[in-house]
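Just so it is clear: chains get the letters A, B, ... in the order the sequence lines come, proteins before strands, and each one is counted from 1. Because the structure is predicted, anything quoted here is derived from the model rather than measured. Both backbone and side-chain heavy atoms feed into the values below; hydrogens, waters and symmetry mates do not.
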Protein chains: 2
Amino acid sequence: MAQTYSISDLAREFGITTRTIRFYEDKSLLSPSREGQTRVFSSSERVKLKLILRGKRLGLSLQESAEIIQMYAPGRNNAAQLEQLLQKITERREVLEQQHKDILSMMEDLNNVEQRCKNELNKHPEPS
Amino acid sequence: MAQTYSISDLAREFGITTRTIRFYEDKSLLSPSREGQTRVFSSSERVKLKLILRGKRLGLSLQESAEIIQMYAPGRNNAAQLEQLLQKITERREVLEQQHKDILSMMEDLNNVEQRCKNELNKHPEPS
DNA sequence: CTTTACGTTTACGTTAACGTAAACTTTATG
DNA sequence: CATAAAGTTTACGTTAACGTAAACGTAAAG
């Protein structure tokens, strides 16, 4: 029943190389099980990979993505650790909020440039 | 009248090192004028620096930020170039939209983890 | 049976984005 | 006047995130 994936399955699905996936394992971001020598990825390993790639799109380092993934791991029992986790969540949220602002302002800039660009094109129209 | 800035003015303002600023100049992302040997930054150079840093927060490479900055430079006259610029704007917008989605989904994840975390803390309350 | 496709490990190479340090000049200051 | 505080150039060092290649195992297909 439980879905599994080969290394090249995942590579194909996400448009990355197998080298990349092995590298992530080497950095302990992934830990696939094995059939003999061969890696077998569960769907939860696949989710981890998705989280890594999402992190990358937002400019996170692999270590930062590793931290995020760790957050999901249940088992951080003691209260001090929970508080520290809450703290990390707050920090990450602040980064995300800044990024959100940056996206909006960059969008605005793009709109402006686009307008100036289109005006320029209309001034000297293409002979059709 | 026209505001100018020393290299350490800008370094202080943006929390970076002078080495970084010189590096950006070396990569042609900045081109301050000179008083003798000494760099003098106009407010438009300062804006460029802000754009670079905004780019970094969104995970752009310096070359990508350089492209963005180039977009603002008026002087790309010919129509083909304008079309190409419009194309680049579209592409960048797509990246920004994906990033926006990623931010929202990561925010959601953080909220979930935070909730689980707070519940856990309430189950084993701190002796006050 | 050998070629093709997929998997493995090990290891050196590469690029980006600076850090760090040396060696020097020019102003300002106690 | 010495020294501290800014500036300069040149150059080697460092880290992250893979790329690339060698050298090998296994298994299905022609």
*asked:* Run the side-chain hydrogen bond (donor to acceptor under 3.5 Å, both in side chains) test against B:Q98 and tell me which residues pass, sequence neighbours left out.
replied: B:D102

Listing time: all N or O pairs from protein to nucleotides 24-27 of chain D that are below 3.5 Å?
none

*A:Q63 versus A:E67, side-chain donor and acceptor atoms under 3.5 Å*: no

*asked:* Any donor-acceptor pair under 3.5 Å linking the side-chain atoms of A:S105 with those of B:R54?
replied: yes

*Along nucleotides 9-15 of chain C, 5' to 3', which nucleotides get a B, which get an S, and which get a -, given that the test is a protein heavy-atom distance under 4.0 Å?*
B-B----

_Can you measure B:K27 atom NZ to C:dA16 atom C1' for me and round it to whole angstrom units?_
8 Å

*asked:* Without decimals, in angstroms, what is the distance between A:L29 CG and D:dC18 P?
replied: 10 Å

*Can you tell me how far C1' of D:dC18 sits from CD1 of A:I16, to the nearest Å?*
11 Å

*Between A:E97 and A:R93, does at least one N-O distance fall below 4.0 Å, as a salt bridge requires?*
no

*Ion pair B:E25/B:R34, N-O distance below 4.0 Å*: yes

*Looking at A:T17, does any N or O in its side chain come under 4.0 Å of the phosphate oxygens OP1/OP2 on D:dC18?*
no

*State whether B:Y24 places a side-chain N or O below 4.0 Å from either non-bridging phosphate oxygen (OP1 or OP2) of C:dA17.*
no

_With a 4.0 Å limit, can you tell me whether B:S8 has a side-chain N or O closer than that to the phosphate oxygens OP1/OP2 of D:dG7?_
yes

_OP1 or OP2 of C:dT26 under 4.0 Å from side-chain N/O of B:T38_ = no

*Can you check side-chain hydrogen bond (donor to acceptor under 3.5 Å, both in side chains) on B:D109 and A:Y72, steps first, answer last?*
CA-CA 9 Å; B:D109 288 356; A:Y72 295 85; 2.6 Å; yes

*Is A:R46 close enough and on-axis enough to A:Y5, meaning under 6.0 Å and within 45°, for cation-pi?*
yes

_Non-neighbouring partners of B:E45 that pass side-chain hydrogen bond (donor to acceptor under 3.5 Å, both in side chains), sequence neighbours left out_ = B:K48

*Nearest-Å distance, CZ (B:R12) to C1' (D:dG7)?*
13 Å

*Measuring from A:I21:CD1 to A:L10:CG, what's the distance to the nearest 0.5 Å?*
5.0 Å

*For A:S42, which residues count as a side-chain hydrogen bond (donor to acceptor under 3.5 Å, both in side chains) partner, sequence neighbours excluded?*
A:S44

_Could you check whether atom CD of A:E91 has more than 12 heavy atoms from other residues, nucleotides or ligands sitting under 6.0 Å from it?_
yes

_Please list, in numerical order, the residues of residues 55-66 of chain B that have a heavy atom closer than 4.0 Å to any atom of DNA chain D._
none

*Between C:dC18 (C1') and B:I7 (CD1): distance, integer Å*: 14 Å

